[in-house]
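Since the structure comes first, as structure tokens, the remarks are kept for the end.
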Amino acid sequence: MDYLAESYLGYRPKPIESLIGKKGKDQKSMGDLEPSEVSDYASEDADITLQLHNQFKPALKERSVEELYKNVEAPLVAILTDMEYQGVGLDVPFLEEYSIELKSEAVQRRDSIYEQAGTEFNLNSPKQLGDILFNQMGIEYKGKKTKTGQFSTSEDVLSKIDHAIVKDILDYRELTKLQSTYVDALPRMVNPRTGRIHTSFRQAIVPTGRLSSDHPNLQNIPIRTERGRRIRKAFVPPSDEYVLLAADYSQVELRIIAALSGDEGMIQAFKDGLDIHRSTAAKVFGLEMDEVTSDLRRKAKAVNFGLAYGQGAFGLAQNLGISRKEAKEIIDNYFEKYPGIKTYMDQSIAQARENGYSETLLGRKRALPDINGRNNTVRAAAERNAINTPIQGSAADIIKVAMVDIHKEMGQRQLRSKMTLQVHDELVFDVHKDELEEVRALVTERMTGAADLAVPLVVESGVGSDWLEAH
DNA sequence: GGATTGAGTCT
DNA sequence: GGAGACTCAATCC
């Protein structure tokens with residue numbers, strides 16, 4: 001190889017260390033190279049590829065992740081490429097109309113704010129806004145300062161203030177966020193050749209194994225508020241011969257917690273197909289299922305949710321606006337009723353401490369060098385990673401397996417339908433109307449069957465002429 | 001002009 | 001003082 005390259009092409013192979021460095025921050029990826037640093041010669045590329053192979057082959061074996069690589073990550077590369085090429089349809093005229101609507105609303109809010117402040121200023125500057133509200137207008141400030149010593153004007157702080165100007169500010173923020181980040185930005189990203197939006201899915205960014213998406217990020221399209229949701233109406237199929245299919249895993253992270261922990265109570269709740277938050281509330285607050293109020297269900301839901309992140313009493317209290325004492329009681333009660341989960345979380349930390357890493361369902365590993373550190377804050381963060389990584393990462397493993405299965409089967413059956421997006425627990429497809437029932441069944445079956453856990457995996461799907469309808 | 005900060009969007 | 005991302009506008013350097 002070296003001989004051929006050098007003698008026939010006058011090329012001297014570069015040692016691989018010059019490209020990837022030995023370790024840590026010295027590492028350089030192909031993406032970091034200037035165009036002038038990238039070879040014009042296929043032989044040099046091939047040589048570099050071989051050297052990378054020689055580096056990574058033993059490294060994969062060392063970490064026992066050859067199967068994960070061979071069966072999941074490597075096949076996924078071409079699938080993501082297909083999805084990126086396929087792109088998604090965007091209804092540009094719809095967004096152009098919506099932009100005008102948002103703009104006129106925002107202007108009304110802005111003028112109202114200036115009038116109440118008695119002055120005009122840069123409303124988009126948190127620094128100027130904080131000065132106006134808490135110095136000039138004399139509104140009482142109850143939050144904590146930012147790390148640069150400024151007043152925080154975050155939604156968290158503002159929403160606790162009872163003042164008309166604050167409602168206008170929060171409204172203005174929502175309107176301008178939607179407009180600048182989505183409604184105006186997305187049409188500019190339409191590829192002139194395809195007339196569609198082509199995101200980039202990145203496979204090696206997130207330490208837990210999730211994908212990320214950028215240029216544009218299609219994994220954070222709004223859904224929570226009414227104004228935000230409307231943006232999803234702009235995501236459309238390629239023609240009227242197609243519809244959108246959206247399929248998502250129901251409560252996948254909580255199911256993974258149940259399965260990995262082996263907690264009998266939570267496993268049984270999922271086997272029985274119960275409303276898990278209601279079931280949790282009944283257990284924790286000592287009630288029958290039909291005695292659970294919406295407020296108690298909300299609290300149980302917050303605990304279930306915070307669980308996956310290693311959240312403590314402080315965080316739960318903050319989240320629910322209750323006292324630390326009450327939050328602690330709820331959490332203590334929770335672990336008493338779900339003892340398997342408490343044990344599992346302690347074990348997750350203990351195992352990470354012994355190994356120096358956390359591990360997912362398919363053996364993906366995340367190094368946690370700070371897990372034995374002396375700095376309490378840093379160590380606590382590593383302990384939360386030790387809890388969260390197997391949960392978030394196993395969910396990532398599972399949907400990736402489903403994507404590989406579905407893509408393969410769709411290819412073998414020569415279907416015209418295409419997978420277009422992945423949003424962590426959801427897959428989106430352009431589906432030809434003739435194939436709708438076949439694809440819906442295939443997707444549901446493969447997603448459901450992507451892992452064999454102690455609890456069932458449940459998939460919900462919807463169909464529509466836009467992304468909002470498909471949900 | 002690039003990097004950082006504060007804010008806000010998603011799972 | 002809850003996990004993981006990306007983007008925007010203002011501001012800093």
Side-chain angles (χ1 to χ4, degrees), chain A residues 121-130 143-159 169-170 172-186 188-189 199-202 205-225 227-229 231-232 248-254 257 302-320 324 327 331 345 348 358 366 368 376-378 380-396 399 421-427 467:
Chain A
F121 59 101
N122 188 345
L123 188 45
N124 294 324
S125 161
K127 194 175 166 196
Q128 294 182 39
L129 178 61
K144 46 175 293 191
K145 297 284 185 76
T146 67
K147 61 181 171 185
T148 54
Q150 304 287 331
F151 296 114
S152 169
T153 66
S154 68
E155 184 186 356
D156 237 29
V157 169
L158 295 190
S159 59
I169 292 165
L170 293 176
Y172 172 86
R173 286 248 181 92
E174 182 188 0
L175 293 160
T176 53
K177 174 70 178 182
L178 294 178
Q179 182 157 33
S180 65
T181 306
Y182 306 103
V183 176
D184 288 353
L186 290 173
R188 290 197 292 265
M189 309 286 290
T199 188
S200 170
F201 286 108
R202 308 198 59 177
I205 299 289
V206 186
T208 59
R210 273 190 179 179
L211 301 178
S212 79
S213 156
D214 63 9
H215 305 295
N217 180 0
L218 295 184
Q219 292 181 322
N220 74 341
I221 301 302
I223 195 167
R224 201 182 79 254
T225 69
R227 285 178 182 130
R229 292 171 72 81
I231 294 169
R232 295 200 169 214
D248 67 285
Y249 283 111
S250 164
Q251 302 290 353
V252 67
E253 293 197 347
L254 212 46
I257 291 172
V303 185
N304 278 334
F305 190 64
L307 203 64
Y309 306 144
Q311 183 186 50
F314 182 95
L316 183 65
Q318 181 102 9
N319 204 339
L320 287 176
R324 263 191 80 172
I331 291 173
M345 296 202 162
S348 293
S358 285
R366 177 188 185 170
L368 294 172
N376 294 329
T377 308
V378 170
E383 289 174 353
R384 291 193 296 274
N385 291 155
I387 291 173
N388 176 257
T389 296
I391 301 165
Q392 187 183 120
S394 297
I399 197 168
L421 296 176
Q422 188 253 45
V423 191
H424 310 309
D425 66 356
E426 172 186 9
L427 297 174
W467 197 4

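Letters A, B, ... are given to chains in the order of the sequence lines, protein chains preceding strands, and every chain is numbered from 1.
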(request) Assess whether one donor atom and one acceptor atom, taken from the side chain of A:Arg210 and the base of B:dT11, lie less than 3.5 Å apart. (result) yes
(message) Of the options B:dG8, C:dG4, C:dG1, whose atoms approach the side-chain atoms of A:Lys144 most closely?
(response) C:dG1
(message) For nucleotides 6-13 of chain C, give me one character per nucleotide, 5' to 3': B if any protein heavy atom sits under 4.0 Å from the base, S if the only such contacts are to the sugar-phosphate, - if neither.
(response) BBSSSSS-
(request) Go through residues 312-319 of chain A and report each residue with a non-hydrogen atom lying under 4.0 Å from DNA chain C, sorted by number. (result) A:Phe314, A:Gly315, A:Asn319
(request) Report which part of the nucleic acid A:Thr153 touches: base, sugar-phosphate, or nothing (heavy-atom distance under 4.0 Å, all strands). (result) sugar-phosphate
(message) Taking 4.0 Å as the cut-off, does a side-chain nitrogen or oxygen of A:Arg224 come that near to OP1 or OP2 on B:dT11?
(response) no
(request) Using a heavy-atom cut-off of under 4.0 Å over every strand shown, decide if A:Ile223 touches base, sugar-phosphate, or nothing. (result) sugar-phosphate
(request) Could you tell me whether A:Arg324 contacts a base, only the sugar-phosphate backbone, or nothing, with contacts defined as non-hydrogen atoms closer than 4.0 Å? (result) base
(message) Please report the distance, rounded to the nearest Å, between CD in A:Glu426 and P in C:dA5.
(response) 20 Å
(message) Please give the distance between the P atoms of B:dT4 and C:dG2 as a whole number of Å.
(response) 24 Å
(message) Within the 4.5 Å heavy-atom criterion, are A:Phe201 and A:Gln219 side-chain neighbours or not?
(response) yes
(request) Return no unless some side-chain N or O of A:Thr148 is found under 4.0 Å from OP1 or OP2 of B:dG6. (result) yes
(message) Using a strict heavy-atom distance below 4.0 Å, which residues from residues 387-394 of chain A are in contact with DNA chain B?
(response) none
(request) Could you please name the option among C:dA3, B:dA7, B:dC10 that lies closest to any side-chain atom of A:Arg173? (result) B:dA7
(request) Rounded to the nearest angstrom, tell me the gap between atom CG in A:Asn385 and atom C1' in C:dA5. (result) 14 Å
